[in-house]
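What follows is a short report on a single structure.
Computed from a predicted structure; not experimentally measured. Reminder, nothing fancy here: chain letters follow the sequence lines and each chain counts from 1.
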There are 2 protein chains.
Amino acid sequence: MSIHSFDLQNDNEEICCDEPSTHPEQIARAKLDLPTDVEVQRLTEIFKALADPTRLRIIAALMHTELCVDDLSTLLGMSQSAVSHQLRLLRHLQLVQFRKEGKHSFYHLNDDHVRDFFQRSRDHLNCPSK
Amino acid sequence: MSIHSFDLQNDNEEICCDEPSTHPEQIARAKLDLPTDVEVQRLTEIFKALADPTRLRIIAALMHTELCVDDLSTLLGMSQSAVSHQLRLLRHLQLVQFRKEGKHSFYHLNDDHVRDFFQRSRDHLNCPSK
DNA sequence: TGAACATATGAGCATTCATTCATTTGATTT
DNA sequence: AAATCAAATGAATGAATGCTCATATGTTCA
């Protein structure tokens with residue numbers, strides 16, 4: 001938790017003499033940019049949301065249009081209940097919103113950040129050199 | 001599964017007459033850009049890898065330096081076994097690699113794609129307007 | 001008001017998953 | 001060879017999770 005020396009001169013993986021069972025310089029280097037607990041929680045929360053096929057496909061489906069629950073249910077071939085449960089989760093994470101119109105709830109992405117983030121991720125993982 | 005008309009003229013959310021219980025035009029629009037099953041699997045696989053705090057922190061720790069298992073264990077305050085199990089998972093997903101040097105296994109990120117993807121994600125979720 | 005429809009939600013269940021514990025493997029050192 | 005150290009791994013366990021089923025809520029329409 002507390003700070004060690006910022007001695008980073010030993011830049012390569014070579015060990016000079018007898019290491020004390022770990023590698024403090026490298027640990028110190030790694031520690032410099034470690035995300036805080038809060039950041040870790042936010043990141044994993046978002047990644048967790050996209051780590052499930054149903055939720056990921058919901059986000060993907062909402063990229064270019066809004067859809068009601070039944071539309072999503074039809075499109076994804078999942079039960080209304082399953083979709084609704086996942087939508088609630090995405091709502092609470094503020095990844096989607098909805099507006100009511102009569103009997104229908106029309107869901108759409110929360111904002112362009114969500115859209116951008118998903119599109120970037122998709123592009124990145126689809127890029128040919130990977 | 002088969003194709004409906006690509007009639008996208010009705011661009012807003014307004015409904016013209018009697019909808020047949022769902023909204024086929026919007027479903028058709030959404031369907032155009034839906035990821036394939038293979039893509040869904042690849043995406044969720046990667047997101048799942050980053051959806052766990054331990055694994056996410058491992059990736060973060062390896063952003064700027066390589067580390068051995070014991071270093072990671074110390075740095076993250078997790079048992080050697082827990083870290084080792086997660087490293088195996090990350091290895092199989094080709095997010096990290098390792099080289100042996102004596103008794104130590106030094107782990108590092110698999111390639112710059114991993115580094116870039118994580119950095120971008122982190123930047124995006126940290127951007128002030130979000 | 002009553003029926004049908006769209007959605008939301010609680011409980012239950014089966015599966016997945018992250019950790020621990022015990023043990024094994026492999027390398028170095030004496 | 002024996003002891004020690006670093007890492008890997010299998011089994012077990014408890015927690016989290018995603019779905020189904022049944023039901024509730026709320027809206028429209030006859």
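Summarising the geometry, the separation between CG on B:D71 and C1' on D:dC5 is reported as 14 Å, rounded to the nearest angstrom. Remark: P of C:dT7 and CD1 of A:I58 are 13 Å apart, rounded to the nearest angstrom. Taking atom CZ of residue B:F98 and atom C1' of nucleotide D:dA8, one finds them 9 Å apart after rounding to whole Å. Across the protein-nucleic acid pair, B:H104 atom NE2 and C:dT29 atom C1' stand 13 Å apart, rounded to whole Å. Distance B:L90 CG to D:dA8 C1': 15 Å, rounded to the nearest Å. Here the C1' atom of nucleotide D:dT9 and the NE2 atom of B:H92 are 11 Å apart, to the nearest Å. The distance between atom CG of A:L67 and atom P of C:dA6, rounded to the nearest whole Å, is 15 Å. Atom-to-atom, CZ of A:R99 to P of C:dA8 comes out at 13 Å; the value is rounded to the nearest Å.
Checked against side-chain hydrogen bond (donor to acceptor under 3.5 Å, both in side chains), B:R115 has the following partners two or more places apart in sequence or in another chain: B:D112. Looking at residues two or more places apart in sequence or on another chain, you find a side-chain contact (heavy atoms from CB on, under 4.5 Å) between B:H85 and B:S81, B:R88. A:K103 is linked by a side-chain contact (heavy atoms from CB on, under 4.5 Å) to nothing, counting only residues two or more places apart in sequence or in another chain. Every residue two or more places apart in sequence or in another chain was checked for a side-chain hydrogen bond (donor to acceptor under 3.5 Å, both in side chains) with B:Q41, and none qualifies.
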Donor-acceptor pairs are to be reported for all side-chain atoms of residues 45-63 of chain A against protein atoms at under 3.5 Å, with residues two or more places apart or in another chain.
| unit_1 | atom_1 | unit_2 | atom_2 | d |
| --- | --- | --- | --- | --- |
| A:D52 | OD2 | A:T54 | N | 3.1 |
| A:D52 | OD2 | A:R55 | N | 3.1 |
| A:R55 | NE | A:A49 | O | 2.9 |
| A:R55 | NH1 | A:Q86 | OE1 | 2.9 |
| A:R55 | NH2 | A:K48 | O | 3.1 |
| A:R57 | NH2 | A:L76 | O | 3.2 |

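For B:R88, taking side-chain heavy atoms from C-beta onward, the closest of the listed nucleotides D:dA8, C:dG10, D:dG10 is D:dG10.
Contact between the side-chain N/O atoms of A:Y107 and the OP1/OP2 oxygens of C:dA8 is found at a separation under 4.0 Å. Note on B:R91: a side-chain N or O is less than 4.0 Å away from OP1 or OP2 of D:dT9.
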Please evaluate residues A:N126 and B:E39 with respect to the criterion side-chain hydrogen bond (donor to acceptor under 3.5 Å, both in side chains), reporting the C-alpha separation (whole Å), side-chain torsions for both, the decisive distance (0.1 Å), and the verdict. CA-CA 8 Å; A:N126 279 332; B:E39 199 186 343; 2.6 Å; yes
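Residue A:S105 is in sugar-phosphate contact alone, with no base atom involved, counting any heavy-atom pair closer than 4.0 Å across all strands shown.
In this structure, A:D71 contributes its side chain and B:T22 its backbone to no donor-acceptor pair below 3.5 Å.
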At under 4.0 Å between heavy atoms, how does the protein contact nucleotides 18-30 of chain D? Give one character per nucleotide, 5' to 3', with B, S or -. SSBB-----BS--
